[in-house]
There are 2 protein chains.
Amino acid sequence: MRTVRAYERIVEQIEEAVESGSLHPGERLPSERELMAQFAVSRSTVREALRVLQARGLVRSRPGDPNGAEVLPFTPAALHKSMTTLARVDELSLGELVQFRMVLDASANLLAARLRTDEQLDEMDAAIGRMRAAVAVGYDEFSAADVAFHDAVARASRNKLIEICTDVVRSIVLGLISEKIAGAPDRQALMWRSIRHHEEVLAAVRAGDGPLAARLSRQTMYDYYVGYVPAGERPALRALLE
Amino acid sequence: MRTVRAYERIVEQIEEAVESGSLHPGERLPSERELMAQFAVSRSTVREALRVLQARGLVRSRPGDPNGAEVLPFTPAALHKSMTTLARVDELSLGELVQFRMVLDASANLLAARLRTDEQLDEMDAAIGRMRAAVAVGYDEFSAADVAFHDAVARASRNKLIEICTDVVRSIVLGLISEKIAGAPDRQALMWRSIRHHEEVLAAVRAGDGPLAARLSRQTMYDYYVGYVPAGERPALRALLE
DNA sequence: ATGCATTTGTTCGTATGTATC
DNA sequence: AGATACATACGAACAAATGCA
């Protein structure tokens, strides 16, 4: 036997309305008082439901707002959150994360090589330009430009799932080791080498050679991160380099 | 300016305790009344915090339980939930989902070909045996055996992220089209062809030929699903077949 | 097997701070 | 600046469910 909690009914119903499109981002939910009348429950129950919906990133409520809670456009924030907890509680290793990035980025490049538009090529080119200019500025700007390049590739793959997962996993990896990279003694040399690698990848994408772009991108990421991965996990990464 | 809600403090603190490992799965949280004393807040606030933690899959609370909420082992349920939401609100196309599965499964096979143990080979073999026996039984059993095969491959890749994402995306895809597959007029022929393809993949994994296993697995999945993907999206799938 | 104590699920009423008009 | 409507938060209460003696 399974009793459905009162707040769960509300969550499911509003969730359904949002996901089916009858409630669009930017629209407002009824106020808490209206909701309690509509569902014939108390205020606390309504609030518990709203907390869950908020945790799932579907709505946002602010004190003093004359309207009710706001329906939000989808963001991968909740996905990001649960993947971060996965990384922490299951002790997801850095090796696994980097390996996953290699898989995603290589696939994105493979697809981008065949599906990219000229505008997207320009974006990638501009990102590499930013990377080059950033070497003198500092690691943060360099990293931001690097992210912009990979984002452009991911968008060019025309696969939202790849795009979002790339974004999520990358930010987790960077959260784990960005300070180590920033503090590397030879970081300028690393940056220049990374730029050269990115140029090779872009050339392959421009030429439409998907397999080459995929192989180069795997190698690029391997070279960039292998120093931070424990030696015992490196063979698993090399297994992707064929 | 950013005011931190009362319930957020509680969520963050308990979340931190769970993720850092000072609270293990199976252990109990203090009761709601103890928590309200401990954090000096009202019971409603405590409950809102517990609802959020429950939505994130970290704890579970049952009425009448003399102990407090139970700390749960990690499950990808929350991840599954947010990815399902993504699929619904962002109208993630079937093509994108299948494409993503092709990417993940191919990578899992590539890695499995190099890292698999003999026991894992036996598992895959047994799964194909189940598939063969299931043709006469029906689609549900066939699908379950098919899932078991792909799960064995994913485990053999030794990458939990690949394993979990494979599982999540697969269940979303199957949720979208399982009834169509089950009702296909020539489904027995499809099953036999799928079995033959799986045998080829397994042979490549057994031989340690990663690139071959990856290519075959992509082709297998393409053949199995392409009939359900709108014609306009098929070129993007074929882009993965080189 | 039966109560009993405890806990969660839910309700109601009230007070407070805040954003918008 | 004031009025209004809203969310935030508190506290007391009752019902239902659970575990234990």
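Throughout, a chain's letter reflects where its sequence line sits, starting with A, and its residues are numbered from 1. Values below: every heavy atom of this structure, side chains too, minus hydrogens, waters and symmetry copies. Note that the structure is predicted; figures quoted are calculated from it, not measured.
- Side-chain N/O atoms of A:Y225 and A:R101 include a donor and acceptor closer than 3.5 Å.
- Remark: B:R158 pairs with no residue by the side chain to side chain donor-acceptor pair (under 3.5 Å) rule, at least two apart or across chains.
- Between C:dT18 and A:R62, no contact under 4.0 Å exists linking OP1 or OP2 to a side-chain N or O.
- Below 30°, between 30° and 60°, or above 60°: for B:Y224 and B:F142 the angle between ring planes is between 30° and 60°, a tilted geometry.
- For the residue pair A:E233 and A:S93, a side-chain donor N or O sits within less than 3.5 Å of a side-chain acceptor on the partner.
- Note on A:E32 versus A:R47: salt bridge recorded, some NZ/NE/NH1/NH2 to OD/OE distance being below 4.0 Å.
- The side chain of A:E34 approaches D:dC6 more closely than any other nucleotide in the set C:dT10, D:dC6, C:dT20.
- Contact check of residues 24-32 of chain B against DNA chain D (heavy atom, cut-off under 4.0 Å) returns no residues at all.
- The side chain of B:T45 approaches D:dA9 more closely than any other nucleotide in the set D:dG19, D:dA17, D:dA9.
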Scan nucleotides 11-13 of chain D against the protein and return all N/O pairs shorter than 3.5 Å with their distances rounded to 0.1 Å.
residue : atom : partner : partner atom : Å
D:dA13  : N6   : B:R43   : NH1          : 3.2

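- Mapping A:D65 and B:P66 onto DNA chain C by nearest heavy atom places B:P66 at the nucleotide closer to the 5' end.
- At C:dG9, one or more side-chain N or O atoms of A:R5 fall inside 4.0 Å of OP1 or OP2 (strictly under the cut-off).
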